[in-house]
Structure formats: structure tokens, C-alpha cells
2 protein chains.
Amino acid sequence: MQTNLSATDLKILKQLQSDASLTAAELASRVGLSQSPCWRRVNKLLEEGYIQKRVALLNAEKLGMDVVVFCSVNLSAHGRQSLEEFEQAVAQLPEVIECYTMTGTMDYMLKIVTRDIRHYEKFVRTFLAQMPGIQEIHSNIAVTAIKNTTALPLDTQL
Amino acid sequence: MQTNLSATDLKILKQLQSDASLTAAELASRVGLSQSPCWRRVNKLLEEGYIQKRVALLNAEKLGMDVVVFCSVNLSAHGRQSLEEFEQAVAQLPEVIECYTMTGTMDYMLKIVTRDIRHYEKFVRTFLAQMPGIQEIHSNIAVTAIKNTTALPLDTQL
DNA sequence: GCTGAAACCGATAGGAA
DNA sequence: TTCCTATCGGTTTCAGC
């Protein structure tokens, strides 16, 4: 880690990435600080960009959005143009929650969320398969979420 | 969608899943409501579990945690016991951000975040490969994040 | 149901140790 | 640095529409 964060800062980040609705007082007591210095540190972490934003995590199941698909994509023409077009187009699609370029045999890995499998099918046909330069699409459909967090492993021991 | 959410509720959810640090007044004005009813709706959405929690999203890169790996796993013994052991063990590992059971040829898909590829290698050897009943591990390493959001596609048109 | 206002409580900043 | 305190603003409630 090329970062210069104190142990206290790390504690604060750990708390906030598991619950950002804590009051300053509660957070302070959990990290063993009093309010003011704690609040100051939080602000610094915000300013310096360690904390990107605070969001609400919704219950996908209750909202009827519980189909998760990991979708690997290969493009046919590997020219620059084609890649950027694809990336821009994909970033616009709300169903695409995540998209990464990959090493190995696949060009992109997409995590897609839709209402049900029919919708996924329709989504692929209507949007994904229409995109510029697509050669192969491979869909891996998730059944049950065993774990699903947004918290980074700050307490890793490796 | 088997849910009975009004258009206003959906607007509220959309706002909060992109920014949960909005004040009640600001949120109210964005969804075209005044504070009180807006606040009431937010509370109801919390109580009913549509909003699960509010978290801080951290800057993985600044924290030196920018290796993302999608890892598919197959277990050897497909008895109940083996599955639950694996799931419980995996849920404990902070490096495992997400874990899903899958249809198709792989048993599990894991999304893993570590500091660098060396750490990933070490993580796989130390923890993953030691787990009960593992047969195959296939690691797909992400290079660049094109898109990475936690927002569900509430405005999907399909 | 929504609006507006009032009361309360927590967040913020400044000053003292 | 941290702690303490005062002020300010947001949240929450309640009465009226």
C-alpha cells in the first residue's frame, strides 16, 4: 500500500464501509476517539478521495431484480475504435452493473442484473448482441448469493 | 415486479442509491416533494427493507487494492456437507467480495479483491486451495474497470 | 395523502488545554 | 494533537389543510 493512513484512519474506513449512517459520536466511540478529531479525519478522508461516496444499498430481491449474470464477451475486431465504442455503449446500459477488461481469453467480463431470465434474454438480444464488433457472448447465470458485499478487505493479513 | 412502489418511491430509491448523503430537503426537492412526506417515505422504505443499508464506497486504487479476480470454483464431492462447509468458509474471507452458486459447469463464482497479483496468488494457495472439497479453481484477472456501480437498474425499460 | 412550522438533536467549527 | 462548548443546520414531529 503506497498510502499513508494511520491505524485509526483504517478503523474509520472499515466502519464507514460497513455502515455509513453512523453518527459522528457513535463512530468516534467505536474507533476510540472523541467527536471532533474523528469528524476531522472523516473529512480529510473525503477530501483526499479515500471515501468516494456514500450510497444506499437496495434489496435486489424485494425489488424483483434478482437475476445476476456474469457474462464474458469477445470482440471480433480488436482495433482501438471498436473497443472504445463497446466500452462507451456498455457503460450506458443500466443493467450492466460492472464491466472489466480481462487478461486471458475473454475480452470483457460483465456483471448484469435483470428482473428475470426472460428479461436477460431480451436484454442480450436487444442491446448486447447489437453492439459493435461483438463476436462471442457467454452467459454464466448465478443462482444464489452466498456473499455480496461492497467492503474492501482492509484487514487482510497477507 | 411484485412490489407496490409508487413512481415517487422509485425516484427516491434511485437518488439514494447514487448518493445517500443527500439531506432530506435536497432529496425532497429532487423528487418533487416537500420534506415531511419525503422523509416519511424514506423511513417506510427503510422499515420495509427496500433500503438495506447505507455504506461508504472507498477508492480501491488509492487504498492499493486494485486487483480484481473473477474466480470460478468446482467442488469434488457434491454432498450437502461439503457445499455448506465451503460456503461458510468462503463467507469469512474478507478478500472474497462476492460469491454465487451458479448454473452450468462451475459450482461457484467468486469475486476477489487483493492488493496485487502476488497477494492473490498467496491468497489462493493459503486459503482457497486449502478449503474442503475443492477440485478446480479458474482465475480470470481483471485489468481495467470500465464500469463499477452498486446501483440496480430501476429505470430499465424492458 | 401534503404543507408548514416548531422543537429537538446532532453536526460543525472555534477556542482552550 | 484532543477536548469542550456554542452555534448552526438538519431531522423529526405535529397541527392544519
Side-chain angles (χ1 to χ4, degrees), chain A residues 1-60 62-65 149-152 154-155, chain B residues 1-60 62-64 149-152 154-156:
Chain A
M1 161 148 57
Q2 72 282 37
T3 66
N4 285 329
L5 291 177
S6 66
T8 308
D9 286 329
L10 280 175
K11 277 193 207 167
I12 291 175
L13 291 178
K14 267 195 252 177
Q15 288 293 331
L16 289 182
Q17 75 173 343
S18 86
D19 186 2
S21 65
L22 289 174
T23 65
E26 178 62 22
L27 176 61
S29 89
R30 291 200 193 177
V31 302
L33 231 59
S34 66
Q35 294 190 28
S36 307
C38 180
W39 171 83
R40 211 176 312 226
R41 278 167 191 266
V42 171
N43 262 37
K44 203 164 152 252
L45 291 168
L46 275 166
E47 271 170 30
E48 290 173 350
Y50 289 101
I51 299 172
Q52 283 188 315
K53 56 176 180 172
R54 310 198 318 171
V55 300
L57 299 183
L58 307 184
N59 187 328
K62 285 208 71 157
L63 290 162
M65 309 266 1
T149 181
T150 56
L152 299 176
L154 300 179
D155 46 1
Chain B
M1 166 146 58
Q2 73 281 36
T3 65
N4 284 329
L5 290 177
S6 67
T8 308
D9 286 329
L10 280 175
K11 277 192 205 168
I12 291 173
L13 291 178
K14 268 195 253 179
Q15 288 293 330
L16 289 182
Q17 76 173 343
S18 85
D19 185 0
S21 65
L22 290 174
T23 65
E26 177 62 21
L27 176 62
S29 89
R30 289 201 193 177
V31 302
L33 229 59
S34 65
Q35 293 190 28
S36 308
C38 181
W39 172 82
R40 209 178 317 220
R41 280 166 190 267
V42 171
N43 260 36
K44 203 165 151 249
L45 291 168
L46 276 164
E47 271 170 31
E48 290 173 350
Y50 289 101
I51 299 171
Q52 283 187 316
K53 58 176 178 172
R54 309 197 321 170
V55 300
L57 300 182
L58 307 184
N59 188 329
K62 284 209 72 155
L63 291 162
T149 182
T150 55
L152 299 176
L154 300 179
D155 46 2
T156 181

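To find a chain, count down the sequence lines: A is the first, B the second, and so on, and within it residues start at 1.
Among the protein residues, A:T23 comes within range of the sugar-phosphate backbone only, with heavy atoms under 4.0 Å from sugar or phosphate atoms but none that close to a base. Backbone-only engagement by A:R41 is indicated by non-hydrogen atom pairs under 4.0 Å involving sugar-phosphate atoms exclusively.
Salt bridge present: A:R41 and A:D9 bring a charged side-chain N and a carboxylate O closer than 4.0 Å.
Close to C:dT12, at under 4.0 Å from its OP1 or OP2, lies a side-chain N or O of A:W39.
Between the CG atom of A:L33 and the P atom of D:dC4 there is a distance of 13 Å, given to the nearest Å. Atom-to-atom, CG of B:L27 to P of D:dT11 comes out at 9 Å; the value is rounded to the nearest Å. Remark: P of C:dT12 and CG of A:L46 are 10 Å apart, rounded to the nearest angstrom. Rounded to whole Å, atom P of C:dG10 lies 9 Å from atom CD of A:Q35.
Taking each heavy atom of B:A56 and A:I51 in turn, the nearest pair found is CB-CG2, 4.0 Å. A:S18 and B:V55 make their closest contact through O-CG1, 3.9 Å (heavy atoms, listed as atom of the first residue, atom of the second, distance).
With DNA chain C read from its 5' end, the first of the two nearest nucleotides for A:A24 and A:R40 is the one closest to A:A24.
For the atom pair CZ (B:R30) and CG (B:L16), the distance works out to 10.0 Å, reported to the nearest 0.5 Å.
The base of D:dT13 sits within donor-acceptor range of the side chain of B:S36, with an N or O pair under 3.5 Å.
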